[in-house]
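See below for the structure under consideration.
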Amino acid sequence: MKHVALITGASGGIGSSTSQVLAAQGFQIAVHYHQGEDRAHQLCKTLSKQGYVAKPFVADITDQQQVFQMVSQIAEEMGDIDLLVNNAGIAQQKLFSDISEEDWDTMFAVNVKGMFHCIQAVLPRMIHYKRGKIINLSSIWGMVGASCEVHYSAAKAAIIGMTKALAKEVGPSGIQVNCVAPGVIDTPMNAQLDATALDALVEETPLERLGTPLDVAHMIAYLASPQADFITGQVFSPNGGFVIV
């Protein structure tokens, strides 16, 4: 039986790599996008040419109605969602004193409320069938905090708390909820950093390199696999040793 994975923000670096790895693992991929329409459709074409099943779906995850409509559409076209990978998110660097109320609200709307909407949309069917996996993407900055990224760090910390609490709540229904908190990854989101900043981050990383989207995708794929069926409520951080706790 083919399983269906919904990957939010699938047109981005980590989302695209995760789509590739999970498709190879046997999942049909529901490729969510909001603004990256061309990238999402190209990803689906690439996966289809490789013999995999992938379809694009659009939604603003900050809008509950759009999310529920998207999940209903996926169920109609592909089947019930077995795996939700909450990957969509935004980042911003600002001094705390410069963060506006709009900045704060937008950060939490996308990174936290959007995840809340997606989980609420898929959970009823998972509970009905007493199976399913939810993997939430946080960040090392949600674990230890980052200067000039207070609102981002706070939102990513909220994801960790949500993961742990939800895992306890839905565990008796056979549903696993885990969190992946990547370190500094070579993605378009980090392309805004200048070469000096990136070199400094590499120097602080014991493995002396930036992470790749595939490094994160393989962690997600492991948690999605049967080999991780006894794991829930945990935070896994592929970060090259940048943060060791």
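Small disclaimer: the values here were computed from a predicted structure and weren't measured.
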Any chance you could lay out the side chain to side chain contact (heavy atoms under 4.5 Å, CB included) test for I135 and N86, step after step, and finish with the verdict? CA-CA 6 Å; I135 301 171; N86 278 311; over 6 Å; no
Run the side chain to side chain contact (heavy atoms under 4.5 Å, CB included) test on M115 and M162 for me, step by step, so that the C-alpha distance in whole Å, both residues' side-chain angles and the decisive distance to 0.1 Å come before the verdict. CA-CA 10 Å; M115 194 173 291; M162 180 162 58; 3.6 Å; yes
Just do the side chain to side chain contact (heavy atoms under 4.5 Å, CB included) check on M126 and I134 with the steps written out, would you? CA-CA 10 Å; M126 288 185 175; I134 298 168; 4.1 Å; yes
Passes side chain to side chain contact (heavy atoms under 4.5 Å, CB included), Q20 versus Q50? Steps please. CA-CA 10 Å; Q20 291 274 357; Q50 295 171 356; 3.1 Å; yes
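Of the inter-residue distances, the one linking Q65 atom CD with F68 atom CZ reads 10.5 Å to the nearest 0.5 angstrom. Atom CG of L43 is separated from atom NZ of K55 by 15.0 Å, given to the nearest 0.5 angstrom. Annotation: the span from F27 atom CZ to T18 atom OG1 amounts to 11.5 Å, rounded to 0.5 Å. Between T106 atom OG1 and K113 atom NZ the span is 10.0 Å, to the nearest 0.5 Å.
Applying the salt bridge (Lys or Arg N to Asp or Glu O under 4.0 Å) definition to pairs two or more places apart or across chains, those involving residues 224-236 are K133-D229. Pairs passing the side chain to side chain donor-acceptor pair (under 3.5 Å) check and including a residue from residues 231-245, sequence neighbours excluded, read S237-N239. Residue pairs satisfying the salt bridge (Lys or Arg N to Asp or Glu O under 4.0 Å) criterion with at least one member in residues 63-75, sequence neighbours excluded, are absent. The list of salt bridge (Lys or Arg N to Asp or Glu O under 4.0 Å) pairs with a residue in residues 7-27, not counting sequence neighbours, is empty. Pairs of residues two or more places apart, or lying in two chains, that qualify as side chain to side chain donor-acceptor pair (under 3.5 Å) and include a residue from residues 160-173 are N136-T163. The side chain to side chain donor-acceptor pair (under 3.5 Å) analysis of residues 204-224, with sequence neighbours excluded, yields the pairs R209-D215, T212-D215.
Although no hydrogens or angles enter the test, the distance criterion places a donor-acceptor pair under 3.5 Å between the side chain of Q176 and the main chain of I231. For R39 (side chain) and S11 (main-chain N/O), a donor-acceptor pair under 3.5 Å exists by modelled atom type. No donor-acceptor pair closer than 3.5 Å links the side chain of D80 to the backbone N or O of R125.
With hydrophobic clusters built from ILVMFWY side chains whose heavy atoms lie under 4.5 angstrom apart, I90 shares a cluster with Y152. Residues Y33 and I220 fall into different hydrophobic clusters, defined by Ile, Leu, Val, Met, Phe, Trp and Tyr side chains chained together at heavy-atom separations under 4.5 Å. By the rule that hydrophobic residues join a cluster once side-chain heavy atoms approach within less than 4.5 Å of another member, V58 and V4 end up as members of separate clusters. Cluster annotation: F96 and F108 are assigned to the same hydrophobic cluster (Ile/Leu/Val/Met/Phe/Trp/Tyr, side-chain heavy-atom contacts under 4.5 Å, transitive). Follow the hydrophobic side-chain contacts under 4.5 Å out from L22 and you reach V31 in the same cluster.
Other residues sharing a hydrophobic cluster with I244 under the 4.5 Å side-chain heavy-atom criterion for ILVMFWY residues do not exist; the residue is a singleton. Cluster partners of V21, by chain and number: L214. The rule joins Ile, Leu, Val, Met, Phe, Trp and Tyr whenever side-chain heavy atoms lie under 4.5 Å apart.
Here the closest heavy-atom approach between residue M70 and residue A59 is recorded as SD-CB, 3.8 Å. Heavy-atom minimum distance, P56 versus H41: CG-CE1, 3.6 Å. Pairing each heavy atom of N87 with each of G9, the nearest pair is ND2-O, 3.0 Å. H32 and T8 make their closest contact through ND1-CA, 3.4 Å (heavy atoms, listed as atom of the first residue, atom of the second, distance). Contact between G89 and N111 at its shortest, heavy atoms only, is CA-OD1, 3.0 Å. Here the shortest heavy-atom pairing between I185 and P238 reads CD1-O, 4.3 Å.
Considering only residues two or more places apart in sequence or on other chains, H151 meets the side chain to side chain donor-acceptor pair (under 3.5 Å) condition with Q92. Residues meeting the ring pair (Phe, Tyr, Trp, His ring centres under 6.0 Å) test with F116, sequence neighbours left out: none. Residues that satisfy the salt bridge (charged side-chain N to carboxylate O under 4.0 Å, His left out) test with K156, not counting sequence neighbours, are absent from this structure.
Inter-residue side-chain proximity for I29 and Y52 is flagged as unmet; no heavy-atom pair is nearer than 4.5 Å. Taking 4.5 Å as the limit, some side-chain heavy atom of L210 sits within range of a side-chain heavy atom of V202. Taking the side chain as every heavy atom from C-beta outward, Q66 and D60 approach each other to under 4.5 Å. Looking at S138 and V180, their side chains never come closer than 4.5 Å, going by heavy atoms from C-beta outward. Side chains of L83 and L6 form no contact here, defined as non-hydrogen atoms less than 4.5 Å apart. A 4.5 Å side-chain heavy-atom check between T62 and V67 finds every atom pair outside the cut-off. At least one side-chain heavy atom of F57 sits less than 4.5 Å from a side-chain heavy atom of M78. At a threshold of 4.5 Å between non-hydrogen side-chain atoms, the residues K94 and D103 count as touching.
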Atom pairs and distances, side-chain donor-acceptor, residues 139-148, under 3.5 Å, sequence neighbours left out:
unit_1: S139; atom_1: OG; unit_2: W141; atom_2: N; d: 3.0

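Residues S100 and E102 have side chains that never bring a donor and an acceptor to within less than 3.5 angstrom of each other. Side-chain atoms of Q69 and Q73 include no donor-acceptor pair closer than 3.5 Å.
The residue from V71, I81, L84 that alone fulfils the side chain to side chain contact (heavy atoms under 4.5 Å, CB included) condition with C118 is L84.
More than 12 non-hydrogen atoms from other residues, nucleotides or ligands lie less than 6.0 angstrom from CG of D98.
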